[in-house]
Amino acid sequence: MENVLDLTKWYKKNFRDLPWRTTNDPYKIWLSEIILQQTQVVQGLAYYHRFITEYPTVAKLAEASEEQVLRLWQGLGYYSRARNLHKTAKLITNEYQGVFPNEKCELLKLPGVGDYTASAIVSFAFNKPHPAIDGNVFRVISRYYDINLPIDEPATRKVFLEILQPMIEQTSPALFNNAIMELGATLCKNDHPNCSVCPLYIDCQARINETIALRPVKNKKVKKRNRYFNYLLIRYKDNIYIQKRFGKGIWENLFELPLIETEAPADWKNLSNSIASTVSNTKGFNLVKQTSLKHVLTHQTLFCQFFEIYTTEKPVFVSENCLEIELKDSTKYPFPILISNFLLSL
DNA sequence: AATACGTGGTT
DNA sequence: TAACCAAGTAT
């Protein structure tokens with residue numbers, strides 16, 4: 001690229017003052033990069049502040065329980081990031097003497113750290129020349145050179161790396177990675193790019209060819225499936241009952257209400273058998289309210305019903321994994337945002 | 001290689 | 001409004 005200097009000059013004048021940009025602390029940079037995976041700055045910023053306040057060092061994060069980490073992560077989504085964050089904090093504290101590796105190949109061994117994040121950390125914390133290729137960079141480069149390769153094919157990354165490597169070696173690696181990502185995030189946006197003030201305007205091939213809106217190219221389309229979740233909110237005195245999700249799939253290790261999943265929409269009557277096999281004493285159950293909510297995830301649409309049940313007899317659960325808590329204590333546990341919002345609405 | 005994994009915002 | 005997008009990683 002002939003315009004690397006224009007790009008970095010533009011960045012120095014126009015960068016957003018973000019907290020992880022004014023530090024060389026690998027812990028803070030790693031934390032910010034995990035939070036920002038598939039997440040915009042506006043959404044992640046508050047979480048970053050909360051995590052740094054609660055866990056100022058990697059050792060403090062390692063001391064926490066996974067449940068506490070998930071609770072602080074609640075609402076941010078992609079919860080494997082929080083589970084891996086905690087795993088890596090323990091790993092760094094216990095196996096790496098509390099010191100983050102300063103080589104990309106070592107960082108790649110950490111849970112939750114992939115090619116992008118490893119490159120981001122070594123460049124921002126140690127100023128090493130590894131291009132951090134995220135969605136922004138794919139977009140900027142695919143437009144600047146008018147590349148029609150699908151960016152969601154893993155093989156394409158290599159082509160972009162070969163373009164970016166000589167560029168990052170012309171300048172300061174941290175500055176370069178910050179600049180090109182910032183350009184993608186603030187000017188070279190997917191919709192309504194602000195080309196008129198872009199430092200790369202003159203030589204941008206997609207602008208010249210009028211293919212801006214066609215770049216970058218993506219091939220894959222996500223397929224969604226429908227699921228039907230029937231949640232039991234059983235209220236006994238001031239208490240409710242929750243359980244932890246386990247195994248693979250959505251919301252692993254988060255809490256939820258006792259769940260009956262069905263193949264199709266269900267109502268109170270045709271759930272009675274399933275409820276009876278969940279709780280052994282349902283005689284005094286009094287259905288007071290029923291709430292329906294649709295919750296859309298990337299790969300599935302959840303049609304959720306909440307059955308609010310009052311009982312004067314302590315419910316006896318068939319399986320042992322139900323936890324009895326006071327409703328007012330529900331804020332202490334990590335829930336999917338759907339459940340959290342529902343409980344807060346009571 | 002293909003698919004799953006959250007949530008909030010926009011068109 | 002269904003589809004797409006946003007600082008990706010793991011399997």
Side-chain angles (χ1 to χ4, degrees), chain A residues 15-16 18-21 28-48 70 73-85 87-88 107-121 123-124 131-140 150-157 160 174 176-186 188-193 213 215-227 245 247-254 256 293-302 304 334-341:
Chain A
F15 72 95
R16 292 170 292 177
L18 301 170
W20 47 84
R21 285 179 167 166
K28 292 180 177 173
I29 289 165
W30 162 72
L31 173 65
S32 72
E33 292 301 339
I34 302 299
I35 287 175
L36 293 172
Q37 288 168 5
Q38 295 287 282
T39 303
Q40 298 180 140
V41 166
V42 285
Q43 200 190 352
L45 191 54
Y47 285 84
Y48 175 82
L70 283 169
W73 197 271
Q74 178 179 295
L76 199 51
Y78 284 154
Y79 296 95
S80 67
R81 291 184 293 170
R83 297 189 299 269
N84 284 332
L85 188 81
K87 272 189 205 166
T88 291
L107 289 163
L108 279 170
K109 296 175 183 171
L110 303 172
V113 176
D115 191 87
Y116 161 77
T117 304
S119 296
I121 295 171
S123 64
F124 296 143
I133 311 178
D134 70 343
N136 290 312
V137 177
F138 271 123
R139 189 166 55 252
V140 170
I151 63 165
D152 49 4
E153 296 291 342
T156 302
R157 175 175 291 272
F160 280 67
F176 177 78
N177 279 340
N178 264 146
I180 192 163
M181 278 196 275
E182 187 76 343
L183 187 79
T186 62
C188 196
K189 297 173 291 184
N190 198 287
D191 296 320
H192 311 300
R215 304 286 177 261
V217 173
K218 289 187 186 178
N219 271 348
K220 294 169 185 162
K221 292 206 188 323
V222 298
K223 282 183 182 171
K224 277 204 174 111
R225 64 175 171 137
N226 293 339
R227 298 178 74 179
R245 285 184 73 94
K248 296 303 171 191
I250 57 168
W251 303 332
E252 182 183 342
N253 291 4
L254 274 69
E256 63 183 355
L293 293 174
K294 189 169 89 162
H295 191 70
V296 181
L297 290 71
T298 304
H299 285 89
Q300 43 191 299
T301 301
L302 273 26
C304 300
F335 291 103
I337 202 64
L338 166 83
I339 307 286
S340 173
N341 286 342

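Residue numbering restarts at 1 for every chain, and letters A, B, ... go by the order of the sequence lines. Excluded from the calculations below are hydrogen atoms, water molecules and symmetry mates; all remaining heavy atoms, backbone and side chain alike, are included.
The residue A/K221 sits close only to the backbone: its heavy atoms come under 4.0 Å of sugar-phosphate atoms, none of a base. Backbone-only engagement by A/G75 is indicated by non-hydrogen atom pairs under 4.0 Å involving sugar-phosphate atoms exclusively. In this structure, A/N190 reaches the sugar-phosphate backbone alone: every heavy-atom distance under 4.0 Å involves primed, P, OP1 or OP2 atoms, never a base. The residue A/V137 sits apart from the nucleic acid: no heavy atom pair falls under 4.0 Å. Base engagement by A/V41 is indicated by at least one non-hydrogen atom pair under 4.0 Å involving a base atom. Residue A/R21 is in base contact, counting any heavy-atom pair closer than 4.0 Å across all strands shown. Among the heavy atoms of the strands, none lies under 4.0 Å from A/E252. A/W73 comes within 4.0 angstrom of nothing in the nucleic acid, heavy atoms only. Base engagement by A/L18 is indicated by at least one non-hydrogen atom pair under 4.0 Å involving a base atom. Heavy atoms of A/G249 sit under 4.0 angstrom from primed sugar atoms or phosphate atoms, though from no base atom.
A side-chain donor-acceptor contact under 3.5 Å links A/K220 to the backbone of A/D152.
The side chain of A/Q300 lies closest to B/dC5, out of C/dA7, B/dC5, B/dA2. Each of C/dA7, C/dA6, B/dG6 was ranked by its minimum atom distance to the side chain of A/I250; first place goes to B/dG6. Set against B/dT7, C/dA6, C/dG8, the side chain of A/Y79 has B/dT7 as its closest nucleotide. Relative to the side chain of A/Q37, the nucleotides C/dG8, B/dC5, B/dT11 differ in distance, and C/dG8 lies closest. Listed nucleotides: B/dT7, B/dG6, B/dC5. Nearest to the side chain of A/H295: B/dT7.
Under 4.0 angstrom from either OP1 or OP2 of C/dA2 there lies at least one side-chain N or O belonging to A/K294. The side chain of A/K218 contributes an N or O atom lying less than 4.0 Å from OP1 or OP2 of C/dA6. The phosphate of C/dA6 has neither OP1 nor OP2 within less than 4.0 Å of any side-chain N or O from A/Q40. Between A/R139 and C/dA7 there is a side-chain polar atom (N or O) within less than 4.0 angstrom of OP1 or OP2.
Residue A/T117 places no side-chain atom within donor-acceptor reach of the base of C/dG8, judged by atom type and a 3.5 Å distance cut-off alone. Contact of A/R16 with C/dA7 (side chain to base): a donor-acceptor pair of N or O atoms is detected under 3.5 Å.
Looking at which nucleotide of DNA chain B each of A/H192 and A/S80 is closest to, the 5′-most match is held by A/S80. The residue among A/A155 and A/T298 whose nearest nucleotide of DNA chain B lies closer to the 5′ end is A/A155. Where A/L108 and A/E33 meet DNA chain C, the nucleotide closest to each residue was compared, and A/E33 sits on the side nearer the 5' end. Annotation: of the two residues near DNA chain C, A/R157 and A/Q43, the 5′-most nearest-nucleotide partner is A/Q43.
In this structure, A/Y48 and A/P19 have side chains that are in contact, with non-hydrogen atoms separated by less than 4.5 Å. You'll find the side chain of A/T117 stays beyond 4.5 Å of the side chain of A/L107, heavy atoms only. You'll find the side chain of A/F335 stays beyond 4.5 Å of the side chain of A/L70, heavy atoms only.
C/dT11 and B/dT7 are spaced 23 Å apart, taking the C1' atom of each and rounding to whole Å. Distance check on atom P: B/dA4 versus C/dC4 gives 15 Å, rounded to whole Å. As rounded to the nearest Å, B/dA1 and C/dA6 have P atoms that lie 23 Å from one another.
In this entry the distance linking CG of A/N341 with P of B/dG6 reads 16 Å, nearest Å. The distance from atom CG of A/D191 to atom C1' of C/dA3 is 12 Å, rounded to the nearest whole Å. Between A/Y78 atom OH and B/dC5 atom P there is a gap of 9 Å when expressed in whole angstrom units. Counting to the nearest Å, the P atom of B/dG8 and the CG atom of A/L338 are 10 Å from each other. Across the protein-nucleic acid pair, A/K220 atom NZ and C/dA3 atom P stand 19 Å apart, rounded to whole Å. Following rounding to the nearest Å, A/K248 (NZ) and C/dT9 (C1') show an atom-to-atom distance of 13 Å. Rounded to an integer number of Å, the gap from CG of A/L45 to P of B/dG9 is 15 Å. What separates CG of A/L76 from C1' of C/dA6 is a distance of 12 Å, to the nearest Å.
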* Let me see the working for A/R245 and A/E252 under salt bridge (charged side-chain N to carboxylate O under 4.0 Å, His left out), right down to the final yes or no. => CA-CA 5 Å; A/R245 285 184 73 94; A/E252 182 183 342; over 6 Å; no
* Test salt bridge (charged side-chain N to carboxylate O under 4.0 Å, His left out) on A/K218 and A/E153 and set out the steps. => CA-CA 8 Å; A/K218 289 187 186 178; A/E153 296 291 342; over 6 Å; no
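Using a cut-off of 4.0 Å between Lys/Arg side-chain N and Asp/Glu carboxylate O, A/R21 and A/E182 are scored as salt-bridged.
Taking each heavy atom of A/I35 and A/R81 in turn, the nearest pair found is O-NH1, 2.8 Å.
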